[in-house]
Each structure stands twice: as C-alpha cells, then as structure tokens.
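Every heavy atom of this structure was used, including side-chain atoms; hydrogens, water molecules and symmetry mates were not. Worth saying up front: this structure is predicted, and the values here are computed from it rather than measured. Letters go in sequence order (proteins before strands), and every chain restarts at 1.
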Number of protein chains: 2
Amino acid sequence: MADTKAAASAGSNLLFLREEDIRAAQDLLFFAYRDFTNAADVILDELGLGRAHHRALHFIGRNPGIPVTELLAILRITKQSLARVLGALVEQGYVAQTPGQIDRRQRLLALTQAGQALERRLFERQRERLVAAYRDAGAPSVEGFRRVMRGIMDEAARAYMDGAEQSRSDQQRGRAVRPA
Amino acid sequence: MADTKAAASAGSNLLFLREEDIRAAQDLLFFAYRDFTNAADVILDELGLGRAHHRALHFIGRNPGIPVTELLAILRITKQSLARVLGALVEQGYVAQTPGQIDRRQRLLALTQAGQALERRLFERQRERLVAAYRDAGAPSVEGFRRVMRGIMDEAARAYMDGAEQSRSDQQRGRAVRPA
DNA sequence: CCGATACGTCAACCAGACTGCCGTAACTGC
DNA sequence: GCAGTTACGGCAGTCTGGTTGACGTATCGG
C-alpha cells in the first residue's frame, strides 16, 4: 500500500496532499526524532548527563567560540535553564568559557579536549543511525529529506544553518570567523 | 555552497558522507522538530495543556480504540506519566475510555467530539507548516524525506506505521480493525 | 556619562518524565 | 477450576529540565 502511493507520486512533481499524508508526516517526525535522540541516551546515562547537556555540547561543538546569547537563541530556552546545564558542563571540564576579545562582556563557549571526546562518543551513536538511513535511502532521497526538513523549520533557523555553513567553509580557507 | 553540494549529489545515487553532512543532519532534525512541535503551542497554552497532551491526543486520534498498553509503547513513557496526562484529557472530556469487548481488562481509548475538535485545531497549525514544506520541496523530495525518516526510526516504529496504515485502509473498506 | 546589552545568580515554581510498590479484575493454560 | 500472567489504576517520592521575576555587575556605544 505504501509502495503504491510511493510509486504513484515519486516520479512526478504533482502533489496530492491527502490529510492522511500530513498526519503520516507527523508520525514520521515523532518517531524519527524519538529514536534519533534516544540513540545517545545510553552514554548520557553512564555519565549522569541528560539530553539538555547533549544539545548544548552539540551546538557548542559546532560553533566554537559561540557567545551565550546566541546559544540561547538556538536552543530556545531561558538563561536559567542554560545556566544549570552549562554550569555542570564547565564544572566537569567539558566546556571552557573565555572572555571575548572584541566584546569583553561576552563569555565565548568552546569544548575542551574532554568535551570534544565526549561529544564524539555521543555523535558516533547518532551517526550510525543517520548513515544507515542515508545509505538505504540513497543520495536523491537525502537531498529531498534536506529540502523538506529545511522547509519545516523557521526561516530564522534556515538562515542560521546557512550562516553557520558559510562560517565553516570560511574557516576552512583560513579566515577567522569567531575570534576565540 | 549549499547548492553546489546539492547539485553535485542530487543526480547520482552515490553518497559521499562527510562528517559535516551527518552533523548537518543532526541540526536538521533538531530545528525541524523544534519548530514543528512549537507550531501547536499557542493553542495548547490557551487551554493550559502541554505537548504531552498533544502527543496523546494525536495518537489516540490516529488509533481510535487503542488500548493503553499500546499507547504506552508508542509514546515510550511509563504508565504513571501517561496516567496524569490521560486523566486530564478524560476529565476535560477530550478522551473517552470504553472497556474492551473481547478483552474486558482493556480500556480502549478514543477521542470524544470535543477531543476531535481540539485535535483538529492543533493539527491545522502543524499542517500549515508541513504543507508549505511539502509544496516547496516537491513530490520527489517528499518521498525522499519519507524514506530517510523511516530509516532513522527503529524497525519497530516502521512496523507500527505500516501496520497502522494497513488498518486504516482496511477500515476504509469496511472491515473492523479495532472493535470499539 | 548614560542607556542598553551580555552575562550571572537567587528563589520559586511547574511540566513531565521516572521508580517501586500495591491492588483488582480478567484472561489463559494446564 | 485454579494458578499464573496480563491490563490497568493509583500512591508516594524523586529527578530533569523547563519557566518567571528580580537584581547585580561589567562593558559597550552613542
């Protein structure tokens, strides 16, 4: 049944959006996210950390030298919520805070060696799942996935992702993006 | 930059999975899920309900007559956690419990008229986002999205989704699936 | 110099998850 | 027909991770 519908729509660009299709999309998001996040839980439990810590580690790792306010905007949580999580990560030596050179009010966040190591362990768990899914689906599906996911998120999130990617490739070419 | 990579890989089935691609997938999942769930929050806040209530409403609506244990397995929460949420929904007249005919230990869950109405309001908010994303991406991308998302989730979740879809089309043809 | 900003912090609260334990009703297999 | 298992509900207590509001300090910028 699934394949009938899939085959019918896969070739054309015409969209017949039945309510069922949208409800199925809700299911997809719920289950994929549930099991994606769950993949790292074993390691987190070992260390007595939670998903909130993982999210912080992830985005600090991806944006070394990120100021607190920017991280807050990404996570969409309050200063207090982040403070607890960040406090634990700093205390346990996973995250380092360095005063900004340009704006000295800022406390720029980055992973320590230990933080990078931990983040990598967590990453590997999720990587397995994602790689498997990507390989099974194939490159064109992956591109479709990317397009739809970008469409679901807020414009601001799309802009952030583009900006961040830009920064990373700039960095690659030796240009400093976020003065550590 | 994004388009260079996209153009390079969109045509072929060859996958060059850089670490950056996988990390970008993590970002995609985080942001898409964050904004997808957020879409219904306004309405939930009005009614003093939370996301937990929404999830329950969604899956009860999609599986009328679902027994408690099955709902627990889908949500991956404990009896106690569900009890509180379900208690509120029953008390406020959104969900009805009816003893199972075949197995009278079961309390089969279904949305009341009010529950259906509420679920629909919540659904509409998320629907807007999903429809927009689907339309912008186009049918082939949607199919790719579906394939990747299915790949990310557990085998059990895939099986559930297939089973549920099967049930729904059976129902359409007049066969009783879950004796209310 | 003064207002806005970046950040930290205290206190209190709340949602939503968890555990362990107990109880009742009903199904099921021998 | 009884014994063991299952489906469900409920109590008590705990934990994570989110919230608000208020306040303080350092720094930036016009």
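Atom CG of A/Leu71 is separated from atom P of C/dA6 by 14 Å (rounded to the nearest Å). Atoms CG (B/Leu89) and P (D/dG9) sit 13 Å apart, rounded to a whole Å. With rounding to whole Å, B/His54 atom NE2 is found 16 Å from C/dG16 atom C1'. In this structure, the CG atom of B/Leu72 is 12 Å from the P atom of C/dT19, given to the nearest Å. Computed from coordinates, the A/Asp41 CG to C/dC18 C1' distance equals 13 Å when rounded to whole Å. Remark: P of C/dG8 and CG of A/Leu86 are 7 Å apart, rounded to the nearest angstrom. When rounded to the nearest whole Å, the span between CG of A/Asp45 and P of C/dA17 equals 16 Å. For the pair B/Leu75 CG and C/dA15 P, the computed distance is 19 Å after rounding to whole Å.
Taking A/Gln92 as the reference, A/Leu49, A/Ala88, A/Tyr94 meet the side-chain contact (heavy atoms from CB on, under 4.5 Å) condition, with sequence neighbours excluded. With sequence neighbours excluded, the residues forming a side chain to side chain donor-acceptor pair (under 3.5 Å) with B/Arg147 are A/Ser141, listed by chain and number.
The side chain of A/Gln97 lies closest to C/dG8, out of D/dA7, C/dG8, D/dG9.
In this structure, A/Arg23 is positioned above the aromatic face of B/Phe123, its NZ or CZ under 6.0 Å from the six-membered ring centre and within 45° of the axis.
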Problem - Where protein sits on nucleotides 14-26 of chain D, one letter per nucleotide: B base, S sugar-phosphate only, - none, heavy atoms under 4.0 Å - result: ---BBBBB----B
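Remark: the A/Asn38 side chain and the A/Asp41 side chain contain an N/O donor-acceptor pair separated by less than 3.5 Å.
Under 4.0 Å is where a charged nitrogen must lie from a carboxylate oxygen, and between B/Arg146 and A/Asp27 no such pair does.
With a 4.5 Å cut-off on side-chain heavy atoms, A/Ile66 and A/Leu108 do not count as touching.
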